[in-house]
Structures are given as structure tokens and as C-alpha cells.
Amino acid sequence: MWLADGWKDYEVIDTSTGEKLERWGGYILVRPDPQVIWDTPHEAPQWKQKNAHYHRSSKGGGEWEFIDLPQQWKISYRDLTFHLKPFSFKHTGLFPEQAVNWDWASGLIKNSGRQIKVLNLFAYTGGATVACAKAGAAVTHVDASKGMVTWAKENAAASGLADAPIRYLVDDCVKFVEREIRRGNHYDGIIMDPPSYGRGPKGEVWKIEEKIFPLLRLCTKVLSPDSLFFLVNSYTTGLQPAVLSYMMELTIQRKFGGTVTADEIGLPVSSNGLILPCGASGRYEKI
């Protein structure tokens with residue numbers, strides 16, 4: 001498992017009965033997590049010190065219970081800074097487990113010795129965008145949500161990257177890649193973090209099981225022959241590491257050579273030494 005264990009401003013303190021107890025900077029949150037199917041005693045004192053609690057509803061969705069939490073606050077990871085705020089369906093605007101992939105991509109960019117162009121698809125609030133830009137890459141950030149793209153700009157500015165070569169686009173990711181193919185544009189690194197289900201700006205339906213393999217194949221047409229990396233993230237149960245690996249071998253490795261690896265990603269639980277699984281990632285490197 002690839003472990004995001006470099007955090008100082010974030011930690012999973014404990015897990016029990018479908019929930020995780022987290023510290024986000026100076027604030028304690030309790031949020032649901034489908035991986036936590038065990039029932040253990042709430043021994044960590046922070047369970048009683050929570051600043052907010054997201055309660056799942058038996059009818060689907062849920063709502064926040066705010067005890068003492070600001071509307072927005074910041075945390076840092078290494079030399080990156082991110083804005084956080086509680087919003088729809090338990091989220092805070094950041095997936096801290098992805099830090100292990102930020103470190104991997106940043107290391108490749110820094111060690112490449114050349115200017116790297118990165119395409120970040122389904123880019124959300126820009127964690128990977130900010131990490132790659134900080135490492136020296138020029139990044140094209142694409143997401144269908146105008147609000148998420150605005151948030152990404154705020155994260156970049158907070159990390160000292162307001163003037164960095166980042167291009168922000170509110171667009172359907174598939175249609176954007178199709179246009180880039182027609183334009184003849186290429187990228188040295190591609191990152192994609194597709195949702196299990198979603199809709200584009202004009203109501204386009206996205207179902208990951210149906211769309212991800214054709215998109216991977218499509219993206220090979222904008223991946224530079226002298227590419228550096230390709231990263232695919234999945235939080236969908238059916239897309240296990242082996243599935244990600246097979247798809248990337250069939251589409252990317254078969255065309256460009258290089259190596260493909262895939263594994264679960266996770267976060268350490270500070271109170272007991274357990275590892276909380278947080279999805280899977282597939283990585284391609286042109287070596």
C-alpha cells in the first residue's frame with residue numbers, strides 16, 4: 001500500500017462504526033467512511049472534542065452538525081497550503097490520502113531536468129495541480145465545476161502560485177481531450193481522478209465503469225512520446241489495483257513502453273497503528 005504519512009497538519013486519529021475521527025489543522029471532525037466496518041470502543045479523547053460531525057442519513061446523504069468550526073480555514077502539506085470548508089456530502093475540499101501521489105509526481109517533475117507539461121483531469125480543488133506547479137511544471141487544470149476551479153485558484157494563490165503557469169478550464173474532460181487531439185497538443189504527464197458518477201456542464205452523464213477505459217485510450221493520443229508519467233485514481237469499489245494496472249498496460253504501456261504499477265493508497269491511524277484504505281491508484285512511468 002502507498003501510504004500518505006508525511007502530514008503534520010492532518011491525521012486520522014481513530015476509526016469506529018463507519019466513522020473516522022480526524023484532525024484538520026486545529027479542528028477535529030467526525031466523518032463517515034464506508035471502509036470502517038469494525039466496531040471498536042471510542043477510547044481516543046478527541047471523540048468528545050469534535051468541532052463538527054457529519055451524520056449520514058438512512059435515506060441517503062446527510063448533514064453537518066457544527067459545534068465550533070469556522071466557515072473556512074487552512075492547512076499545509078510541506079510547502080503547499082490549502083483552503084478547507086465543509087460542503088456537500090461530508091467533504092472538506094481535500095483528499096489527504098492523495099499526498100502520496102503528489103510526492104511521487106513532484107519528484108518525477110523535479111528530477112526530469114526539463115520543462116514538464118501536466119494535464120490534470122477531473123482536477124477538483126487542485127491538490128495535484130498545486131503540487132505539480134510547485135515542482136516546476138506548467139499545468140492545465142480541467143474540471144466541470146466552476147466552483148471547484150475557483151477553489152483551485154485560491155489554493156494556488158495560498159501556495160504562492162498565483163502567477164504560476166497554470167491554465168484553468170471549466171469543461172467536460174472527455175470533450176476537452178478530444179479538442180486537444182485535434183489541436184495536436186501533447187502533455188508530458190497526465191493525472192485523472194474521475195468520479196464514480198457525475199454530470200458535465202451540459203448534463204453529460206459520466207459512469208466510470210463505462211467511460212474510464214475509452215478515456216484512457218483517448219488520452220494516449222495527447223501523451224507525449226517522451227512522456228514522464230500517467231496517474232489514475234479510483235475510489236470505485238470495482239476498480240481495484242489489478243484492474244487499473246491491466247487498463248494502463250493495455251492502453252499506455254503497450255503504446256509507449258515504460259512501467260505500470262498499481263496499489264491501494266491509505267492513511268495511518270495515529271491511535272492504534274492501523275492503516276485506513278482510501279481507494280487505489282495506477283501509476284505509469286516512462287523509464
Side-chain angles (χ1 to χ4, degrees), residues 1-5 7 10-24 27-44 46-47 50-66 69 75 82 84-102 122 124-125 127-128 145 148 192-199 205-212 231-245 247 262-282:
M1 180 180 287
W2 293 323
L3 193 60
D5 57 359
W7 282 98
Y10 172 85
E11 67 176 309
V12 180
I13 301 167
D14 199 5
T15 57
S16 179
T17 323
E19 294 182 318
K20 55 189 174 186
L21 175 69
E22 307 165 289
R23 179 180 61 83
W24 295 81
Y27 300 98
I28 304 297
L29 304 186
V30 177
R31 298 191 298 155
D33 192 303
Q35 299 288 343
V36 183
I37 60 174
W38 47 88
D39 180 5
T40 52
H42 285 189
E43 295 180 349
Q46 291 93 330
W47 285 104
K50 61 190 178 185
N51 298 99
H53 190 165
Y54 188 92
H55 298 278
R56 289 291 299 270
S57 169
S58 59
K59 298 179 181 179
E63 63 180 1
W64 283 98
E65 173 194 3
F66 297 115
L69 189 71
I75 65 170
F82 301 102
L84 303 174
K85 54 187 173 184
F87 75 112
S88 60
F89 191 61
K90 78 180 181 181
H91 297 305
T92 64
L94 193 68
F95 291 92
E97 62 272 12
Q98 287 299 327
V100 69
N101 286 323
W102 304 339
F122 310 96
Y124 196 51
T125 60
S145 168
M148 295 301 104
M192 64 169 69
D193 198 348
S196 299
Y197 178 86
R199 291 186 180 273
V205 175
W206 167 274
K207 293 183 179 179
I208 194 169
E209 295 87 350
E210 299 173 2
K211 302 291 188 179
I212 190 169
L231 172 67
V232 182
N233 294 307
S234 170
Y235 292 91
T236 304
T237 304
L239 295 182
Q240 300 298 323
V243 177
L244 293 176
S245 180
M247 288 193 299
D263 207 339
E264 289 184 276
I265 56 176
L267 289 161
V269 182
S270 60
S271 66
N272 53 28
L274 295 178
I275 303 299
L276 178 64
C278 303
S281 294

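Remember, predicted model here, so these are calculated numbers, not experimental data.
Side chains of Glu97 and Tyr235: a donor on one and an acceptor on the other come within 3.5 Å.
At distances below 3.5 Å, not a single donor-acceptor pair connects side-chain atoms of Ser271 with backbone N or O atoms of Ala44. No donor-acceptor pair under 3.5 Å is formed between the side chain of Tyr27 and the backbone N or O of Leu69. Without hydrogens or angle criteria, Ser281 side chain to Leu231 main chain gives no donor-acceptor distance under 3.5 Å. Put simply, the side chain of Asn51 never gets that close to the backbone of Leu29: no donor and acceptor are under 3.5 Å apart.
In this structure, Glu63 and Ser57 have side chains that are not in contact, with every pair of non-hydrogen atoms separated by 4.5 Å or more. Counting only heavy atoms from C-beta outward, the side chains of Ile275 and Pro268 approach each other to under 4.5 Å. A 4.5 Å side-chain heavy-atom check between Arg31 and Phe89 finds every atom pair outside the cut-off.
Contact between Phe66 and Ala52 at its shortest, heavy atoms only, is CD2-CB, 4.0 Å. Here the closest heavy-atom approach between residue Glu43 and residue Trp47 is recorded as N-CD1, 4.4 Å. Annotation for Ala262 and Gly282: closest pair CB-CA, 4.0 Å, computed over non-hydrogen atoms. Closest non-hydrogen pair, Glu22 versus Tyr10, comes out as OE2-OH, 2.6 Å. Heavy-atom minimum distance, Val100 versus Leu3: CG2-O, 3.5 Å.
The aromatic rings of His91 and Phe87 are tilted relative to each other, their planes meeting at an angle between 30° and 60°. Between Tyr124 and Phe95, the ring planes are tilted. Angles from 30° to 60° get that label. Ring orientation note: the planes of Trp102 and Trp7 are nearly perpendicular, at an angle over 60° on the 30°/60° scale.
Separation of atoms NE2 (His42) and OG1 (Thr17) is listed at 4.5 Å; rounding is to 0.5 Å. How far CG of Asn233 is from CD of Gln98: 4.0 Å, rounded to the nearest 0.5 Å. Within the model, atoms CE of Met148 and CZ of Phe122 stand 15.0 Å from one another, a figure rounded to the nearest 0.5 Å. How far CD1 of Ile212 is from CG of Leu239: 5.5 Å, rounded to the nearest 0.5 Å. Atom-to-atom distance recorded for Arg56:CZ and Lys90:NZ is 6.5 Å, nearest 0.5 angstrom. For the atom pair OG of Ser16 and CG of Asp33, the computed distance is 12.0 Å after rounding to the nearest 0.5 Å.
Applying the salt bridge (Lys or Arg N to Asp or Glu O under 4.0 Å) test to pairs two or more places apart or on separate chains, those with a residue in residues 10-19 are Glu11-Arg23.
The salt bridge (charged side-chain N to carboxylate O under 4.0 Å, His left out) search around Asp5 returns none, not counting sequence neighbours.
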Side chain to side chain contact (heavy atoms under 4.5 Å, CB included) for Leu94 and Ile75? Distances and angles first, verdict last.
CA-CA 10 Å; Leu94 193 68; Ile75 65 170; 4.0 Å; yes

